[in-house]
A.B. asks: 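Can you keep this structure in mind? I'll have questions shortly.
Every value quoted in this text rests on a predicted model; they were computed, and no experiment measured them. Both counts, for ligands and for their atoms, begin at 1 and track the order of listing.
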Amino acid sequence: MEAFYWTMDRAFRAVYGKQQMLHYPLFVHAGQSLIEGQQSFSDHVVEQLGGIDGHDVLEIGCGNGEQANYLATRHHPASYRAIDLYPPHIAHAQSAAGQTGSRVSFAVDDAQRLSTVADASANAALCVESAHHYPDKPAFLANLHRVLRPGGRFAIAELVSISGSNNLLYRLTDTFCWTEPQWRDAITAAGLTLDAVDDVTERLALGLRSINGVLPGGGGPFAWLARFAGRGLIRHYRAELAGDRRYLVLSGRRPANAA
Ligand SMILES: C[S@@+](CC[C@H](N)C(=O)[O-])C[C@H]1O[C@@H](n2cnc3c(N)ncnc32)[C@H](O)[C@@H]1O
């Protein structure tokens with residue numbers, strides 16, 4: 001997993017000159033750049049959460065912090081905390097926050113423990129394309145329940161498997177996709193309420209067809225190689241969405257009367 005994110009970091013720098021977010025873009029109009037498509041997807045997740053204005057927000061598996069710094073600036077949360085397991089991601093996120101004046105508080109933490117996050121400290125929590133990396137998803141959901149206030153809302157944007165199988169390539173990149181029924185059962189078992197399952201597979205797949213718009217020109221052999229690899233990765237993502245994977249945004253809440 002770390003080798004994958006290290007490579008993505010270098011490839012983004014070579015092709016775009018800066019970091020991008022680490023999730024699928026949702027292109028809502030023609031001519032959007034990769035980061036604009038990714039911002040549209042982040043806004044879509046926030047809509048599924050019912051908004052974050054005035055809320056104490058927790059982002060779990062925040063990656064390089066591009067999404068957190070964008071959402072904390074674009075919307076008006078009361079506070080915004082974001083955690084990730086990979087220290088270089090958090091180092092980049094903190095440095096970018098310092099440069100842009102974003103007030104996000106970043107920390108290295110494991111989603112399956114959330115040891116830096118106090119009980120009942122958030123009333124909105126989002127986790128975008130990170131949970132497929134967690135071997136112990138019930139521990140993640142138990143801690144999500146712990147850190148949410150009663151009535152607090154969550155949105156988990158995630159690739160799910162139709163068959164329930166994860167081939168060698170997935171296992172080598174620490175990817176363990178659950179099926180939708182597994183997610184539904186585990187969310188309920190954790191004492192959380194699932195309110196909606198938003199299937200965005202077709203919308204994301206449509207966006208990925210505009211591949212030429214998302215890979216700008218850039219000089220040097222490494223940029224060429226990164227573009228070549230990027231095209232391969234996008235083809236792989238398209239094939240995934242046409243095959244054994246669906247992309248869902250699962251949203252719900254910790255019940256208001258929960259103990
Ligand atoms: C595909 S990236 C998504 C990043 C970010 N959510 C975004 O949308 O740009 C997945 C992230 O999950 C993080 N991750 C993997 N396992 C984790 C864990 N157990 N706890 C916290 N973060 C984890 C990885 O380090 C990586 O940054």
A.B. asks: At what distance is the nearest protein heavy atom to atom 25 (O) of ligand 1, and which residue and atom is it?
C.D. replies: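 Among all protein heavy atoms, the one nearest atom 25 (O) of ligand 1 is D84 OD1, 2.7 Å.
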
A.B. asks: Show me which atoms of ligand 1 lie under 4.0 Å from any heavy atom of H23.
C.D. replies: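 This gives 7 (C), 8 (O), 9 (O) as the contact atoms.
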
A.B. asks: Please determine if E129 has a nitrogen or oxygen closer than 3.5 Å to a nitrogen or oxygen of ligand 1.
C.D. replies: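 N/O-N/O distance under 3.5 Å: no.
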
A.B. asks: Give yes if a backbone or side-chain nitrogen or oxygen of C62 is under 3.5 Å from a nitrogen or oxygen of ligand 1, and no if not.
C.D. replies: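 No; the residue has no nitrogen or oxygen that sits under 3.5 Å from a nitrogen or oxygen of the ligand.
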
A.B. asks: Are any of the N or O atoms of Y5 closer than 3.5 Å to those of ligand 1?
C.D. replies: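 The answer is no, given that Y5 and ligand 1 share no N or O pair closer than 3.5 Å.
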
A.B. asks: Considering only the protein, which heavy-atom contact is closest to atom 5 (C) of ligand 1, and what is its distance?
C.D. replies: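 Looking at atom 5 (C) of ligand 1, the protein heavy atom closest to it is G61 O, 3.4 Å.
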
A.B. asks: With heavy atoms of G63 as the reference, note each atom of ligand 1 found under 4.0 Å away.
C.D. replies: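 Here the atoms of ligand 1 in question are 4 (C), 5 (C), 27 (O).
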
A.B. asks: Within the 4.0 Å heavy-atom shell around Q112, which atoms of ligand 1 are there?
C.D. replies: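 Those qualifying, in numeric order: 19 (N).
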
A.B. asks: Give yes if a backbone or side-chain nitrogen or oxygen of L22 is under 3.5 Å from a nitrogen or oxygen of ligand 1, and no if not.
C.D. replies: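 Yes, at least one N or O pair falls under 3.5 Å.
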
A.B. asks: What protein heavy atom sits nearest atom 18 (C) of ligand 1, and how far off is it?
C.D. replies: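 The answer is Y134 CE2, 3.4 Å.
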
A.B. asks: Against ligand 1, does D109 come closer than 4.0 Å with any heavy atom?
C.D. replies: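 Right, D109 reaches ligand 1.
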
A.B. asks: Polar contacts were defined as any N/O atom of the residue lying under 3.5 Å from an N/O atom of the ligand; does this apply to H132 and ligand 1?
C.D. replies: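 For ligand 1, there is no N or O atom that lies under 3.5 Å from one belonging to H132.
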
A.B. asks: Using a 4.0 Å cut-off to any heavy atom of D110, which atoms of ligand 1 qualify?
C.D. replies: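 Counting atoms of ligand 1 from 1, those under 4.0 Å from D110 are 18 (C), 19 (N), 20 (N).
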
A.B. asks: Strictly below 4.0 Å, N to O, side chains only: are R246 and E202 in salt-bridge contact?
C.D. replies: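 Here R246 pairs with E202 in a salt bridge, since their nearest N and O are under 4.0 Å apart.
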
A.B. asks: Taking side chain as C-beta onward, heavy atoms only, is F154 less than 4.5 Å from I60?
C.D. replies: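 They are not in side-chain contact.
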
A.B. asks: Which protein heavy atom lies closest to atom 12 (O) of ligand 1, and at what distance to 0.1 Å?
C.D. replies: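 Here the nearest protein heavy atom works out to S130 OG, 2.7 Å.
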
A.B. asks: Do any nitrogen or oxygen atoms of A111 come within less than 3.5 Å of a nitrogen or oxygen of ligand 1?
C.D. replies: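 Yes.
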
A.B. asks: Decide yes or no on ring pair (Phe, Tyr, Trp, His ring centres under 6.0 Å) for F41 and H23, but give the supporting numbers first.
C.D. replies: CA-CA 8 Å; F41 186 64; H23 58 248; 5.5 Å; yes

